[in-house]
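Notes to accompany the following structure.
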Number of protein chains: 2
Amino acid sequence: MLAKSSTELVRQRNSALVLSALRRHGPLAHTELSDFTKLSSATVSVITADLERAQIIEKAEQQAASGRGRPRVLFSQRRDCGYLIVVVISSDAVQYSLVDYAGRLIDRFTEDRPQEVSGVGSFVASLRDALSRIVARSQLSRDKVLMISISSKGLVDASEPVLRWSPIFGRDEIDFAAVLRDEWPAKIILGNETLLVASALGRQEENRKGFDFRALAALSLGHSIGLGIVRRDDEGGHHISAPNFGHMMHVPGGGLCRCGARGCIEAYAGFYAMLRTAFDVPLDTIPAKFVPIAELDKIAASARHGGRRNQLAFRQAGLALGNGLSRVLSLHERMPIVITGPGVRYYDLLIEGIQEGLAESHVVRMEGMPELRVIVDEQTLVFEGHLNRALSIIDNDVVRRGASVVELRDQAV
Amino acid sequence: MLAKSSTELVRQRNSALVLSALRRHGPLAHTELSDFTKLSSATVSVITADLERAQIIEKAEQQAASGRGRPRVLFSQRRDCGYLIVVVISSDAVQYSLVDYAGRLIDRFTEDRPQEVSGVGSFVASLRDALSRIVARSQLSRDKVLMISISSKGLVDASEPVLRWSPIFGRDEIDFAAVLRDEWPAKIILGNETLLVASALGRQEENRKGFDFRALAALSLGHSIGLGIVRRDDEGGHHISAPNFGHMMHVPGGGLCRCGARGCIEAYAGFYAMLRTAFDVPLDTIPAKFVPIAELDKIAASARHGGRRNQLAFRQAGLALGNGLSRVLSLHERMPIVITGPGVRYYDLLIEGIQEGLAESHVVRMEGMPELRVIVDEQTLVFEGHLNRALSIIDNDVVRRGASVVELRDQAV
DNA sequence: CTAAATTTCTCGACTGTCGAGAAAAAAATC
DNA sequence: GATTTTTTTCTCGACAGTCGAGAAATTTAG
């Protein structure tokens, strides 16, 4: 059953609309807000006045008048309205970033994760410590931090910030909400890394191509394989999801995967899997935990000079990816695929297998080969995705807390 | 970018809420409407008055007063507000039903589809003819038909009523909107058959289990294999989709499928495929167009009495289904699977393979075996799904045409 | 016939959006 | 320098929508 609607909800939605226009286009004047949101000038006045009173946005400094007529006054987020901490967990390090409400980076540091003592307990301890440190360095009080946005590779719960499975901690689950609840009033969200990449790409795509954007998949190649899908619904919202692509079954009873199952896509297309094929190690060998990328570079170099066994490694990886992608396309609509992650450096060796793996399927025969694109810089996209997702959730929360606005208004009278 | 909100939209949404409560629970009194929708009594008064004025709902006959106090007056849809034609295309026949706005069946007939002359042209001609006939028999004018809801097996376009591929017409596409536009002012919608089954099951599930329903997959077994997925979003709406499951790749380069590709799930689990395995016919043999179910019954009987080759046919079909389902679960969340269609009569022979095919995968190892349920009566679900989908779209359209309401109000003054 | 119970309807208060026009403020013009 | 033009922002009144409270309607119980 759908929820009822009311005039307050209208205000909430339209306020959120104003904030999202500000996010998308930077500081905007009254008139521009009215243009972007299609709201009437009068409505924009009321909403901006409310938001200003609630200390969420502020009028920017008078800018140099650029034309004639009354000069514009720009609205922008109040940077001190609240803060966001972004935590990017990767296999060898954890990056912590402190960001203000306007999306500007204030502080950042990276902590190496020792390979040996990789228990969940010690990781959580260092997480707690680092989070304390990052607010201390900027002399912020904890309750000014509105959200902690965490990302990792692996399988993330759909509704709660729980890491179900990860290449780093395996089946040792981490419930970040439970871990941080007592120390941090902030909202905790967790996202699969490639999900965030997809989110960032979706935003870019919409800005670029306007309204013909429908859906897009991001495929991240590396030690593990990630997939993120972003789709635009009828009302213009973006739905993002992170399928468990790397561990989708490729060949029943096939090569042993890091996850303990057999025949996963990752067991053919992950870095360790390509190494395994190249060295002709039996497929049921327990996979190496970490593969120095230099190793793979050597294999790639050999393959590029005609080494058959090494070519085969990349070809099999490509086939696994192509077959898997064809299955994804069977279950969704046709969409462009953006390939990223450290593995794109072997794109020239993988592409043939990928295309062959795609070509055999019914969907591709019907609708043609999907558009394949390559983007090298994954890290920037991950961070962008964090900001997209976190700040837009914060905006919605902030707007929902209408009570505080009313409070302030009452005090003013 | 999201659309702006306004007070009219609030009214639209809440009117739709009232109509949907009426759909879900049958005729309701003022108080009950207020309870179900959580709208205040005053609001319900205004909305029902508007809808009554617009001749969309009506006050029912005074019912026998059941308690003391002022007796309730029940609101219900005006049956003559508009009509819906439901067209169910199956491999050997097409069923036409005429339904009024309250969802009551008025007329129904079935036309056999001759197997030999199965061109799109002759099919469209007989469709046109049958549609004309069904309104003529009830002496309805065509513009009272608000919607024609069509279903077929096969691949349906996501946004337009275009049949992209079907087991009946192959790659000969049918654009139902284009075909019927000149003769029918009605809105034309087309849905995959199993999508509608999923929709009906989703509705049932929500009514039964209340709010803990998250998602559900319907799997239809028969000559071809269909899958429908229904998911509840955060706001309580249902999203339904019909993946191209039957033609998802099972084994690269595997058995030849009716669609012309190789290795589709259907090429292992469709009726013709099971027959092929049972008779040990080479996998690249062009599949039989139609398989009399008595043939398969014989094979099943033999399998149940220990016939190894015949057992293998069902086992391989089960494996294909199980592997495919495991891939679906990898790409979505865990959800119960409801199996239906004529193939459920062989469920006892298939289940072992299905479970084995599921068991090997990462998701199932992680989250456990999904709940499997069997429902025999598929036809009823298909029709229910048609009504669900079509009538709720009609409700939304009717409510959106607020202009007419205003018009009528002006005339009344 | 009156009181109690129950449902429906109505009224005033409040919130929200919108269009039009007033007010503000800078550049252009005389 | 005063006036006009242009552009932007603000304000006011009209209108649409929801809500709570209580009045009105209508039946049963006693």
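Proteins get letters first, then strands, A, B, ... in listed order; numbering begins at 1 in each. Model, not experiment: these values are computed from the prediction.
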Figure out the [atom1]/[atom2] separation between [X] and [N], and round it to whole Å.
X        : N       : atom1 : atom2 : result
Lys38(A) : dT17(C) : NZ    : P     : 17 Å
Arg11(A) : dT17(C) : CZ    : P     : 5 Å
Leu39(B) : dG20(D) : CG    : P     : 11 Å
Arg13(A) : dG16(C) : CZ    : P     : 15 Å
Gln12(B) : dG17(D) : CD    : C1'   : 13 Å
Lys4(A)  : dC19(D) : NZ    : C1'   : 8 Å
Leu28(A) : dT8(D)  : CG    : C1'   : 14 Å
Glu8(A)  : dA13(C) : CD    : P     : 18 Å

| request: Go ahead and write out DNA chain C as dot-bracket, 5' to 3': ( ) for pairs within the strand, [ ] for ones crossing earlier pairs, | when the partner sits on another strand, dots for unpaired; Watson-Crick or G-U wobble, both distances under 3.5 Å. | output: ||||||||||||||||||||||||||||||
| Between His332(A) and His332(B), how do the two ring planes meet: parallel, tilted or perpendicular, split at 30° and 60°? |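 The rings of His332(A) and His332(B) sit tilted, inter-plane angle from 30° to 60°.
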| Distance-only side-chain donor-acceptor flag, Thr48(B) / His30(B), under 3.5 Å |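 No, His30(B) and Thr48(B) have no side-chain donor paired with an acceptor closer than 3.5 Å.
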| query | Sub-3.5 Å donor-acceptor pair from the side chain of Lys4(B) to the main-chain atoms of Lys38(A), do we have one? | reply |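 Flag set: sc Lys4(B) to bb Lys38(A) pair under 3.5 Å.
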Pairwise N/O distances under 3.5 Å, protein to nucleotides 8-12 of chain C:
{"unit_1": "dT8(C)", "atom_1": "OP1", "unit_2": "Val73(B)", "atom_2": "N", "d": "3.1"}
{"unit_1": "dT8(C)", "atom_1": "OP2", "unit_2": "Thr31(B)", "atom_2": "N", "d": "2.9"}
{"unit_1": "dT8(C)", "atom_1": "OP2", "unit_2": "Thr31(B)", "atom_2": "OG1", "d": "2.3"}
{"unit_1": "dC9(C)", "atom_1": "N4", "unit_2": "Ser41(B)", "atom_2": "OG", "d": "3.1"}

| Is there side-chain contact between Asp100(A) and Gln77(A), with heavy atoms separated by less than 4.5 Å? |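 Heavy-atom side-chain distance check fails, nothing below 4.5 Å.
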| request: Check whether any side-chain heavy atom of Arg232(B) lies under 4.5 Å from a side-chain heavy atom of His238(B), and answer yes or no. | output: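 They are in side-chain contact.
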| query | So, is Asn14(B) near the phosphate of dT18(D), with a side-chain N or O under 4.0 Å from OP1 or OP2? | reply |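 Indeed, a polar side-chain atom of Asn14(B) lies that close.
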| message | With a cut-off of less than 4.0 Å, is there a side-chain N or O of Thr7(B) near OP1 or OP2 of dT17(C)? | response |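 Looking at the OP1 and OP2 atoms of dT17(C), neither is under 4.0 Å from any side-chain N or O of Thr7(B).
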| field | Name of the residue among Val18(A), Asp50(A), Leu51(A) meeting side-chain contact (heavy atoms from CB on, under 4.5 Å) with Ile56(A) | value |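 For Ile56(A), the side-chain contact (heavy atoms from CB on, under 4.5 Å) test succeeds with only one of Val18(A), Asp50(A), Leu51(A), which is Leu51(A).
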| Option from Thr37(A), Thr43(A), Val44(A) for which side-chain contact (heavy atoms from CB on, under 4.5 Å) with Ser40(A) holds |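 The single option meeting the side-chain contact (heavy atoms from CB on, under 4.5 Å) with Ser40(A) is Thr43(A).
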| message | So for atom CZ, which belongs to Arg23(B), do other residues, nucleotides or ligands contribute more than 12 heavy atoms lying within a distance under 6.0 Å? | response |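 Yes.
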| field | Candidate pair Glu58(A) and Phe75(A), rule side chain to side chain contact (heavy atoms under 4.5 Å, CB included), full reasoning | value | CA-CA 6 Å; Glu58(A) 61 189 350; Phe75(A) 290 99; over 6 Å; no
